[in-house]
Amino acid sequence: MSYDFKAIEAKWQQYWAKNQTYKADNNSTQPKYYVLDMFPYPSGAGLHVGHPLGYIASDIVARYYRHKGYNVLHPQGYDSFGLPAEQYAIQTGQHPAKTTKNNIERYRQQLDRMGFSFDWSREIRTSNADYYKWTQWIFLLLFDHYYCVDTDKAQPISQLIDRFQKEGNSQFAAICDADTPIFSASEWQDYSEEQQQELLLKYRLTYLAESEVNWCPALGTVLANDEIIDGVSERGGHSVTKKSMRQWSMRIGAYAERLLQGLNTIDWPEPLKEMQRNWIGKSTGANVQFAIAGHAEQIEVFTTRPDTLFGVSFMTLAPELELVQQITTPEQQEAVTAYIEKTKQRSERDRQSDVKSISGVFTGAYALHPFTQERVPIWVGDYVLAGYGTGAVMAVPCGDQRDYNFAKHFDLLIPNIFEGIDISEAAYAEKGSTPLCDSDFLNGLAYEEALPKVIEALEAAGKGKGSVTYRLRDAIFSRQRYWGEPIPIYYKNNLPCPLTLEDLPLELPAVEKYLPTPEGNPPLGNATEWGWDEKARKVVAVSEIDHQTVFPLELNTMPGWAGSSWYFYRYMDAQNSQAFADKKAVDYWQDVDLYLGGSEHATGHLLYSRFWQKFLYDLGELPVDEYAKKLINQGMILGESAIAYRKPGTNSYVSKGLVGDAKMEAIRVDVNLVNTSYELDLDGLRAWQPQFADADFELEAGKFIVGTEVEKMSKSKYNVVNPDAICDRYGADTLRMYEMFLGPLEQAKPWNTAGISGVHSFLKKLWRLFFEDEKLRLSEEEPSAAAYKSLHQTIKKINTDIAQFSFNTCISTFMICVNELSAEGTASRKIVEPLVVLLAPFAPHIAEELWEKLGHKESITTAGYPIHDEKYLKETEKEYPVSFNGKMRFTYSLPLDMDKAAIEKQILAEPQTQKYLEGKTPKKVIVVPGKIINIVL
RNA sequence: GCUCGGAUGGUGGAAUUGGUAGACACGUUGGACUUAAAAUCCAAUGACCAUUGCGGUCGUGCGGGUUCAAGUCCCGCUCCGAGUACCA
């Protein structure tokens, strides 16, 4: 009987499904282990061999922990809202729900073939109303809370209203918009309901605000910063401009410090943490007030170098600041207005690609230095960003390269305040130990001492204070799209009113067209049923909107990251209709023990989900404030595109070896037509695309060889390898083991089928260990010492390697073990039985089959994972390499328990040693027990 | 520019964290079995020299250093990849 992987895999996949082998129990007394994959967006292209890499790794871990006696939660679902389905709907008129459903079915089929141990009873889809009901609920909670600085957590808005009633807003610290006015308790009470609501919006953790957004006219929507690459949209490459719109935002900035600190408590890859730290971009320094000559207003600047205060020679304001208009002198008015207009017209793309050119204009106004009262000219320059710090900088040309360049360009003063530093060529930006000069009370002090001193002086003079600024901006939450979660808000007198939990889910309405309306409203503006009846608490026809009892609903939908920011808690109790998850279930599962996914989500999903986590933790909804203890980034599997070389302007192709120095056009051909020796199947090619039907091919040695290029796997590059094809040819167990064998999990690597035969023949060899022809040839005899040793070495290595997620070396270890056992001849039950369990996480189908053949009635899942016994590994003797001056000469076998002195004595007495010593006395003898003996002459 | 990460045979990659570099696999070459092919098994395989003598020299991107001993640690470069970018 040969290894019939097709029959075996089909059999066990059915068995697992029928017996719900991998269903996790919410009422278990076993310890829990939660292994999570980043759930996929079900695209129309289906899975390629790159997708399962992380799923295979997490599946190995899940199965391993089950063997170890843990109650394992290993769920899977779909991030099923998203732009591609909507784009497809626009083109074809097919409802996104329908295409999404089809895509999911295809994904599921492909996933099932690979033998994953997912608990499918917990499957979720973010586009299902019973799921997004709870996404909407979280939105409502955010709307109903503000961030209290004193308690350093989110608090209910009702509490804020209480405080406003009693003391106004000047007595306590809460995170709010920068333009929030100060008011007293009596002023608050005098405000109208509308005014009060407007003010509360400035505090809510999700809020409406007029904000500058990245507007993409071609897509008709707003894009987040991470959806823009090189100034054009990630999807489609359309140009993007700035536009001011009233948008929903998330006050993630309130959590900046906690998001930063939390990184120290989680075991995530250091590079990923570093990315998040940079994205949060904390800088400490000071805010400094500059008076303006002849004006009541002041300019506040943020600087990380208040110690260089005496080097200020001008100020620069961002063109967007309102203050600019107020202080500009009549003579400069024209120039300033022209400059502001010019900046407005420049698209984000221009501004980014044109970093080097320096532009700016003088306002005619002067600021007064807080200590010297010297007059400092105020300029406007677009290198200052309105959105960072205060939108104004104190320019210290001797200490900052951009200020330096600006000063050189406009011929402004460059006073030097660094002792003994030459600044004739460039600014000196280091925070070094160089003492300051010409700096009044800071003279002679270097950065470290000057910093606290100047802040102290500023605070004493009431001219500034120490301050911290973050680069992290609040996240725009509105999308002008159809295929996303509706925002559970309606508008009364233009003010947003929240729905309540009882009203949810607010279901996505049907629309005729998925494009924006002619008036420029989002696609939901096309819905006929999209009014909110406040009394009946239900959605009614738009025609009934009267602004008395029926009001318009929000037309924007939520962004892609909304549904993915909390999904890992839904898996704990996926069917619950009363809560996002039952409290008992959440208390039992707590958090994710291992999270696997790509690093491309570093500053998107992985940051937003931490933010929501901390918020829900503040509310007591979740037990921990970081949801994933450990995270691993699996590397991307790249495609290896096949290139056929064509003579320019002809239809003749030349085999790779014959190209030489000739100029050729590189034409990508389907990799699936290429075999492992890079030979192209010409008949297949001719049938594949008509342009090749009558092409000429110059062969070498009767073959046509293609060139290759490693790039991202994508349909358009014809380099996509479908896992189904591999499963057909070699089976799922081979695919699983081969993907792991390819290299370290974290590393990006090209897909190449060349080595797959090695893994496949390993499985065949394993099979032959059990079967000779038709017969199970299992020995019940006591195994040899060598067999025991081989097994226990393997057990030891596999256990330590799984703990380190080093799956590629696990596969090697298995190969060595099976090679050794095969060489021995007979397979003893005492050896192969534990071996099969050991292998089960990696190649579950063949392991189940062999387990059954060994006479077991229950699934191998219930078997305990083998633990090695040192007694089989114990060695009494060890080969010591003996080297002279570090150069290896010979080896000598010695008992392991000998002490160093005895070893030294015995080695020196050896005739062979004497020969190499040539009568000299060694200076030193180094003995590392069990490792090496080095004799230094 | 800044911040990370990397560089080991023809190829993918190992190396107990300073202790015999190249495990394991692919590929290649030779052999066995076979009418033949597939499958399987055996042997060789870093480079160069010596090969009828068991050996020698070099070798982990480049140049230095520390050490009895360096792929591994330190200093200075080169190249490649990722992230980020007027962040005051």
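Computed from a predicted model, the values in this text were never measured in an experiment. So that the names make sense, note that chain A is the first sequence line, chain B the second, and so on, each numbered from 1.
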inquiry  = Using a heavy-atom cut-off of 4.0 Å across all strands, would you classify A:Arg277 as base, sugar-phosphate, or nothing?
reply    =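 Result for A:Arg277 = nothing.
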task = Would you check if the distance from the ring center of A:Tyr738 to the ring center of A:Trp751 is below 6.0 Å?
result =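 Yes, ring centres under 6.0 Å apart.
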message = Could you check, using the six-membered ring where one of them is a Trp, whether A:Tyr892 and A:Tyr880 have ring centers closer than 6.0 angstrom?
response =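 No; A:Tyr880 has its ring centre 6.0 Å or more from that of A:Tyr892.
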ask   = How do A:Ile816 and A:Asp400 order along RNA chain B: which one's closest nucleotide is nearer the 5' end?
value =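 The 5'-side residue here is A:Ile816.
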key: Given RNA chain B, 5'-ward residue of the pair A:Met815 and A:Val936, judged by closest heavy atom   =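 Looking at the nearest nucleotide for each, A:Met815 comes out on the 5' side.
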inquiry  = Quick check for you: among B:G27, B:A88, B:U40, whose closest atom lies nearest to any side-chain atom of A:Lys764?
reply    =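 Between B:G27, B:A88, B:U40, the one nearest the side chain of A:Lys764 would be B:U40.
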inquiry  = From the set B:C26, B:A85, B:C86, return the single nucleotide nearest to any side-chain atom of A:Tyr383.
reply    =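 That would be B:C86.
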query = Under 4.0 Å: is that the gap between some side-chain N or O of A:Asn819 and OP1 or OP2 of B:A25?
reply =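 Answer is yes, contact under 4.0 Å.
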task = Answer yes or no: does a side-chain N or O of A:Ser599 lie under 4.0 Å from OP1 or OP2 of B:G83?
result =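 No, because none of the side-chain N or O atoms of A:Ser599 sits under 4.0 Å from OP1 or OP2 of B:G83.
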Nearest-Å distance once atom [atom1] is located in both [N] and [M]:
N	M	atom1	value
B:G76	B:C4	P	14 Å
B:G65	B:U28	P	44 Å
B:U72	B:G59	P	13 Å

inquiry  = Counting only Watson-Crick pairs (N1-N3 plus N6-O4 or O6-N4) and G-U wobbles (N1-O2, O6-N3), all under 3.5 Å, who is the partner of B:C41?
reply    =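 Its partner is B:G31 (Watson-Crick or G-U wobble, both distances under 3.5 Å).
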query = Given that both distances must come in under 3.5 Å, which nucleotide forms a Watson-Crick or G-U wobble pair with B:C62?
reply =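 Across any shown strand, B:C62 pairs with B:G76.
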Expressed in angstrom and rounded to an integer, what is the separation of [X] atom [atom1] from [N] atom [atom2]?
X	N	atom1	atom2	answer
A:Phe771	B:A39	CZ	P	22 Å
A:Leu769	B:U40	CG	P	15 Å
A:Asp307	B:A88	CG	C1'	13 Å
A:Ile280	B:U84	CD1	P	14 Å
A:Asp382	B:C86	CG	C1'	8 Å
A:Lys765	B:A39	NZ	P	14 Å
A:Glu820	B:A23	CD	P	15 Å

key: Sub-4.0 Å heavy-atom contacts from residues 388-398 of chain A onto RNA chain B, ordered by number   =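 The stretch gives A:Tyr388, A:Val393 as the residues lying under 4.0 Å from the strand, ordered by number.
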Heavy-atom check, side chain of [X] versus side chain of [Y], under 4.5 Å:
X	Y	answer
A:Met38	A:Leu606	yes
A:Asp400	A:Phe406	no
A:Pro397	A:Leu412	no

message = Checking understanding here: a glycosidic angle within 90° of 0 is syn, the rest anti, so what is B:G22?
response =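 That one's anti.
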message = Using the rule given for side chain to side chain donor-acceptor pair (under 3.5 Å), can you reason through A:Thr809 versus A:Ser812, listing the C-alpha separation, both sets of side-chain angles and the distance that settles it, and then say yes or no?
response = CA-CA 5 Å; A:Thr809 53; A:Ser812 296; over 6 Å; no
task = Hey, can you tell me if A:His601 and A:His605 have their rings parallel, tilted or perpendicular (30° and 60° cut-offs)?
result =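 Perpendicular.
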task = For A:Val396 and A:Arg305, run side chain to side chain contact (heavy atoms under 4.5 Å, CB included): C-alpha distance rounded to whole Å, both residues' side-chain angles, the deciding distance at 0.1 Å, then the answer.
result = CA-CA 9 Å; A:Val396 183; A:Arg305 296 295 303 275; over 6 Å; no
request  = If a protein heavy atom is under 4.0 Å from the base, mark B; if only from the sugar-phosphate, S; if neither, -; do that for nucleotides 2-19 of chain B going 5' to 3'.
outcome  = -SS-------BSS----B
message = Salt bridge or not between A:Lys465 and A:Glu300? Use side-chain N to carboxylate O under 4.0 Å.
response =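 Salt bridge between A:Lys465 and A:Glu300, a charged N being under 4.0 Å from a carboxylate O: no.
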key: salt bridge (charged side-chain N to carboxylate O under 4.0 Å, His left out) pairs, two or more places apart, involving residues 796-812 of chain A   =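 Every pair satisfying salt bridge (charged side-chain N to carboxylate O under 4.0 Å, His left out) with a residue in residues 796-812 of chain A: A:Lys796-A:Glu870, A:Lys797-A:Asp801.
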